[in-house]
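Encoded as structure tokens, the structure appears first; notes follow it.
In listed order, ligands and their atoms are each counted from 1.
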Amino acid sequence: MIKIGIIGAMELEVEALQKEMTVSSVMKKAQMDFFEGTLNDVPVVIVRCGIGKVNAALCVQILADEFRVSHIINTGVAGSLNAGLDIGDILVSRDAIHHDMDVTIFGYQLGEVPQMGFREFKADQQLVTLAMDACRKANPDIHVMSGRVISGDQFISSKEVKERLITQFQGDCAEMEGASIAHGAYLNGIPFVIIRAISDKADDSAEMDYPTFETAAAKHSAALVKELVSSLPHSVSFLLNTNNLLKT
Ligand code: ADE
């Protein structure tokens with residue numbers, strides 16, 4: 001069965017979606033509230049995971065074990081690392097990397113979790129395409145692009161750190177959960193996509209910009225997620241590729 005797990009780090013990021021869903025049950029686990037029900041008639045579980053990579057990873061595992069979700073969408077805000085991504089724009093993940101993983105001393109690539117053999121967790125291509133389409137529909141005036149999310153347990157707010165991250169990872173935006181969600185989804189074999197609206201430029205202006213633009217950015221991201229979830233059952237290619245899910 002299709003069941004979409006929707007994760008936001010903060011209340012702001014999930015409250016707009018929770019208001020619009022029909023809730024059938026609420027389960028509390030690891031201090032997170034999992035709202036199960038439907039959004040535009042599509043089965044969903046919506047949860048606020050809290051900030052940072054540990055919270056995000058725990059949340060994915062609970063969605064996998066307790067709710068058997070078929071897909072995961074992460075919605076939220078991020079700092080821009082790409083001059084072409086301004087505050088208010090939206091980035092849909094092509095892939096995600098942990099920027100704070102460094103075991104280069106033993107020959108691993110910077111950002112690679114040892115013994116994984118790669119450092120980029122690739123988003124599901126179908127979800128990426130559908131998310132881009134949904135964004136153009138839900139937020140026609142907003143610039144959307146697909147690119148690389150880089151994540152670490154760090155709020156990026158200096159020009160020097162930003163420049164280093166761009167050089168080392170070629171990231172398009174920085175946030176604090178995406179790579180963990182991607183990593184957990186990968187380990188559980190669950191297709192995922194990360195959708196982030198830009199709230200700041202991850203430089204010396206981030207401290208000022210973030211609180212000012214966070215609310216509008218989170219709303220754009222949520223509007224896109226709602227449109228994406230609604231479009232899933234109507235997407236022919238999505239149905240064909242998830243045929244086995246529909247039969248079970
Ligand atoms: N989320 C939003 N802006 C961010 C930034 N600059 N660094 C990390 N996470 C963020």
Ordered by chain then number, the protein residues lying under 4.0 Å from ligand 1 by heavy atom are Val77, Ala78, Gly79, Gln154, Phe155, Ile156, Ala174, Glu175, Met176, Ser199, Asp200, Ala202, Tyr210

Going by atom type alone, with no hydrogens or angles, which donor-acceptor pairs under 3.5 Å involve a side-chain atom of residues 77-84 and a protein atom two or more places apart or on another chain?
residue: Ser80; atom: OG; partner: Asn82; partner atom: N; Å: 3.2
residue: Ser80; atom: OG; partner: Asn82; partner atom: O; Å: 2.9
residue: Ser80; atom: OG; partner: Leu85; partner atom: O; Å: 2.7
residue: Asn82; atom: OD1; partner: Gly84; partner atom: N; Å: 2.7
residue: Asn82; atom: ND2; partner: Asp172; partner atom: OD1; Å: 2.9

Residues 20-27, side-chain donor-acceptor partners within the protein, below 3.5 Å, at least two apart:
residue: Glu20; atom: OE1; partner: Lys226; partner atom: NZ; Å: 2.6
residue: Ser24; atom: OG; partner: Glu36; partner atom: O; Å: 3.1

Per-pair distances, 0.1 Å, donor-acceptor, side chain in residues 114-122, under 3.5 Å, sequence neighbours excluded:
residue: Arg119; atom: NH1; partner: Leu110; partner atom: O; Å: 2.9

CD1 (Ile6) and CG (Leu17) are apart, to the nearest 0.5 Å, by 5.5 Å

- prompt: Should Asp153 and Lys53 count as an ion pair when the cut-off is N to O under 4.0 Å?
  reply: no

Hey, is the main chain of Met208 close enough, under 3.5 Å, to the side chain of Thr212 for a donor-acceptor pair? yes

